[in-house]
Amino acid sequence: MKARTRFAPSPTGYLHVGGVRTALFAWLIARQTGGTFILRLEDTDKAREVEGSDKHITDSLRWLGLDWDEGVDVGGPYAPYKQSERLDIYKEWAQKLLEKGRAYADPYTPEEVNVFRGQAKAAKRPFLFRNHRPESAGQRAAVWDGTQPLRFKSEPKAYSWHDEVMGDLSASEEAIDDIILIKSDGYPTYNFCHIIDDLLMQCTHVIRSQEFIASVPKFLNLYEALEIEKPLLATVPFVMGLDGKKKLSKRDGAKDILDYAREGYLPESLVSFMATLGWNDGTEQEIFTIRELMEKFSLDRVQRGGARFDQQRLLWVNGHFIRELPIDELYDRSKDFWPPEATKYDEAYKKSVLAIIQERLKYLAELPHLTGFFFTDPPVNPELVSSHKQLKKLEKNQIKQLLEQSKAALTASDFSIQDLTTRLNQLLESTGQKPAILFSLVRIATTQAPASPGLADTLAVLGREVSLRRIDIALKTL
RNA sequence: GGCCCCAUCGUCUAAUGGUUAGGACACCGGGUUUUCAUCCCGGCAACCGGGGUUCGAAUCCCCGUGGGGUCACCA
């Protein structure tokens with residue numbers, strides 16, 4: 001079956017890992033069946049709308065590679081894909097319910113409803129609006145002037161249904177209530193318009209996050225009243241925050257997905273990480289390419305409980321994908337992350353730097369930290385020697401002598417990796433020193449860094465002039 | 001409080017009635033001529049509790065417990 005799935009965010013801010021994972025699952029189902037992925041904007045709450053978040057959302061999805069075939073920006077056969085532009089459609093369908101006697105005008109003010117709610121709460125009972133239905137509720141062809149909220153006249157009953165992720169679910173009639181279809185400002189509620197849109201846009205699956213699970217019986221009641229068939233339902237569990245208790249939320253500092261882009265996480269890392277946060281294919285494979293996910297993903301293997309966001313694991317996944325990248329590609333992707341001093345250097349030099357730091361790069365934003373000494377002479381840091389567990393035992397003139405010997409050996413080198421390796425080894429023999437002493441000393445003199453790539457590699461990239469100059473500087477400051 | 005969902009190492013998870021409960025991240029050791037990283041080897045570490053059903057239960061059922069969601073003119 002060619003699936004038609006959708007992601008339907010509301011433009012109330014940025015997207016975080018929790019929301020994007022739901023989008024990813026929907027996208028994967030569409031792609032693996034050769035179907036259609038739809039991006040619909042649920043902008044029916046004008047009060048909560050945040051300027052610019054529609055662009056932020058599309059930017060985020062595009063960065064991740066989650067492309068949509070129909071929807072905002074690209075259009076499609078069921079346009080418009082912004083709910084605020086579909087108000088007439090919802091009114092039409094509301095009218096149908098009105099005519100069937102399945103909708104009615106809510107005569108109460110919000111304050112009056114709040115009183116009912118307060119009473120229910122005080123009595124430790126769930127608040128059900130249907131217990132307060134006015135006499136006129138559901139009279140056939142009742143008039144509704146549009147200034148009051150329009151409510152659904154529900155038919156309370158128990159339901160059991162199947163969920164593609166959660167399995168067989170059920171709920172009693174207490175879950176059914178007279179939900180608002182159209183608000184007094186003329187905009188529909190999510191509860192109503194998503195059902196109409198999913199129908200008209202012919203969505204085969206409704207894949208959404210867990211907070212909606214308690215509303216499903218209400219939706220089932222609505223499907224019946226509208227005499228329409230329900231799509232396949234899939235409920236995706238939450239991504240939990242660091243504390244493992246609550247779902248990831250902006251309120252608790254969940255990161256904007258584009259922050260990961262800015263920090264130099266690769267989109268394929270995020271995709272693999274998010275997919276395996278609550279899903280696996282039953283094998284011991286830990287990391288998946290997007291193509292593999294398209295092939296292997298299935299809703300019935302999605303975990304039913306929430307999964308905690310694990311930053312360490314994301315870092316590991318990202319490091320993995322960075323290491324897999326060919327240098328040219330890594331170079332293209334790193335363009336925005338070099339330290340400022342690097343601008344003076346050419347592409348070939350920067351690629352040679354990348355080649356030797358690639359395996360220790362976990363995210364691109366740490367590029368400056370890892371490569372600074374390749375572009376500028378770092379200030380001498382005596383502490384690197386004085387706190388070194390071997391070097392600190394040496395006398396000053398002993399260090400000086402070793403550095404002089406190193407300088408002499410390196411002066412004779414052509415600075416190819418091979419020749420440097422050979423001469424460094426010879427130096428070990430002629431000085432009778434252990435690598436831990438000699439190599440550390442040369443490494444610190446030339447990089448002034450607590451950690452750096454292999455010595456011969458580093459010297460070869462730095463080149464003769466820079467390497468010898470830095471040894472001289474180190475000698476002078478002794 | 002009602003309704004609903006969930007429950008395996010610290011974390012992400014495997015197991016579909018029979019395994020010494022497996023893997024990965026993290027952590028801790030060891031190795032790969034310095035450091036850091038990679039890679040390799042090793043270690044630590046879990047079936048929420050109690051009852052059933054069964055020859056046999058992490059797995060099925062019931063009852064607890066714990067966590068979460070929901071009960072908006074938000075989505």
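Keep in mind it's a predicted model, so treat the numbers as computed, not measured. Sequence lines set the chain letters: A, B, ... in the order given, protein chains first and strands last, and positions in each chain run from 1.
Here the C1' atom of nucleotide rC74(B) and the CG atom of D185(A) are 12 Å apart, to the nearest Å. Taking atom CD of residue Q448(A) and atom P of nucleotide rU34(B), one finds them 20 Å apart after rounding to whole Å. With rounding to whole Å, N318(A) atom CG is found 13 Å from rU38(B) atom P. Whole-Å rounding puts the L128(A) CG to rU70(B) P distance at 17 Å. The separation between F129(A) atom CZ and rG2(B) atom P is 24 Å, rounded to whole Å. rG10(B) atom C1' lies 10 Å from atom CG of D310(A), rounded to whole Å. Across the protein-nucleic acid pair, R208(A) atom CZ and rG69(B) atom C1' stand 14 Å apart, rounded to whole Å. Counting to the nearest Å, the C1' atom of rC74(B) and the CG atom of D45(A) are 5 Å from each other.
Across all strands shown, rG1(B) is found opposite rC71(B) as a Watson-Crick or G-U wobble partner, with both distances under 3.5 Å. With a cut-off of 3.5 Å on both pairing distances, rU35(B) has no Watson-Crick or G-U wobble partner at all. Pairing for rC27(B) is with rG43(B), a Watson-Crick or G-U wobble pair whose two hydrogen-bonding atom distances lie under 3.5 Å.
Phosphate proximity of rC74(B) to K183(A): present, with a side-chain N or O under 4.0 Å from OP1 or OP2. Between K245(A) and the phosphate of rA7(B), there is no side-chain N or O to OP1/OP2 separation shorter than 4.0 Å. Within the 4.0 Å cut-off from OP1 or OP2 of rC73(B), at least one side-chain nitrogen or oxygen of R151(A) is found. Between rA14(B) and Q303(A), a contact under 4.0 Å exists linking OP1 or OP2 to a side-chain N or O. Contact check, N280(A) against rA14(B): a side-chain N or O comes under 4.0 Å of OP1 or OP2. Remark: R443(A) is not in phosphate contact with rU33(B), judged by side-chain N or O atoms under 4.0 Å from OP1 or OP2. Residue R304(A) places at least one side-chain N or O closer than 4.0 Å to OP1 or OP2 of rC6(B).
Within the nucleic acid shown, I357(A) has no heavy atom closer than 4.0 Å to any nucleic acid atom. Among the atoms of the strands shown, only primed sugar atoms or phosphate atoms (P, OP1, OP2) are found under 4.0 Å from some heavy atom of G278(A). Residue-level contact check: Q390(A) touches neither bases nor backbone, having no heavy atom under 4.0 Å from any strand. Heavy atoms of T276(A) sit under 4.0 angstrom from primed sugar atoms or phosphate atoms, though from no base atom. Among the heavy atoms of the strands, none lies under 4.0 Å from K247(A). Residue F212(A) is classed as a base contact, given a heavy-atom separation below 4.0 Å to a base. Residue contacts for Q312(A): at a heavy-atom cut-off of 4.0 Å it reaches the sugar-phosphate backbone alone, with no base atom in range. Among the heavy atoms of the strands lying under 4.0 Å from R125(A) is at least one base atom, whether or not backbone atoms are also near. If you check every strand for non-hydrogen atoms under 4.0 Å, R48(A) touches a base. If you check every strand for non-hydrogen atoms under 4.0 Å, S184(A) touches a base. At a threshold of 4.0 angstrom between heavy atoms, the contacts of N425(A) include nucleobase atoms, whether or not backbone atoms are also involved. Using a 4.0 Å heavy-atom cutoff across all strands shown, S170(A) reaches sugar-phosphate atoms only and no base atom.
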Listed pairs, N/O of protein and of nucleotides 18-22 of chain B, under 3.5 Å:
{"from": "rG22(B)", "atom 1": "O2'", "to": "E284(A)", "atom 2": "OE2", "distance (Å)": "3.0"}

Polar atoms only, N or O, under 3.5 Å: list the protein pairs with nucleotides 39-48 of chain B and their distances.
{"from": "rC39(B)", "atom 1": "OP1", "to": "R323(A)", "atom 2": "NH1", "distance (Å)": "3.4"}

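For R308(A) against rC12(B), no side-chain N or O and base N or O form a donor-acceptor pair under 3.5 Å.
rA26(B) and rG64(B) have their C1' atoms separated by 34 Å, with the value rounded to a whole Å. rG31(B) and rA15(B) are spaced 38 Å apart, taking the P atom of each and rounding to whole Å. Only the P atoms considered, rC39(B) is 12 Å distant from rA24(B), to the nearest whole Å.
In this structure, the nucleotide among rG68(B), rU38(B), rC12(B) sitting nearest to the side chain of K362(A) is rU38(B).
A donor-acceptor distance shorter than 3.5 angstrom exists from the side chain of N221(A) to the backbone of E155(A), with no hydrogens or angles considered. Although no hydrogens or angles enter the test, the distance criterion places a donor-acceptor pair under 3.5 Å between the side chain of Q285(A) and the main chain of I287(A). Without hydrogens or angle criteria, D163(A) side chain to T235(A) main chain gives a donor-acceptor distance under 3.5 Å.
A salt bridge links R333(A) with E268(A): the distance from a Lys NZ or Arg NE/NH1/NH2 to an Asp or Glu carboxylate oxygen falls below 4.0 Å. A salt bridge links K255(A) to E263(A): at least one charged side-chain nitrogen sits closer than 4.0 Å to a carboxylate oxygen. Classification of R151(A) and D178(A) as a salt-bridged pair fails, no side-chain N sitting under 4.0 Å from a carboxylate O. Using a 4.0 Å cut-off between charged nitrogen and carboxylate oxygen, D377(A) and R470(A) count as a salt-bridge pair. Using a 4.0 Å cut-off between charged side-chain N and carboxylate O, R313(A) and D310(A) make no salt bridge.
The aromatic rings of F297(A) and W279(A) are tilted relative to each other, their planes meeting at an angle between 30° and 60°.
When every heavy atom of F212(A) is checked against every heavy atom of F219(A), the shortest pair comes out as O-CE1, 4.5 Å.
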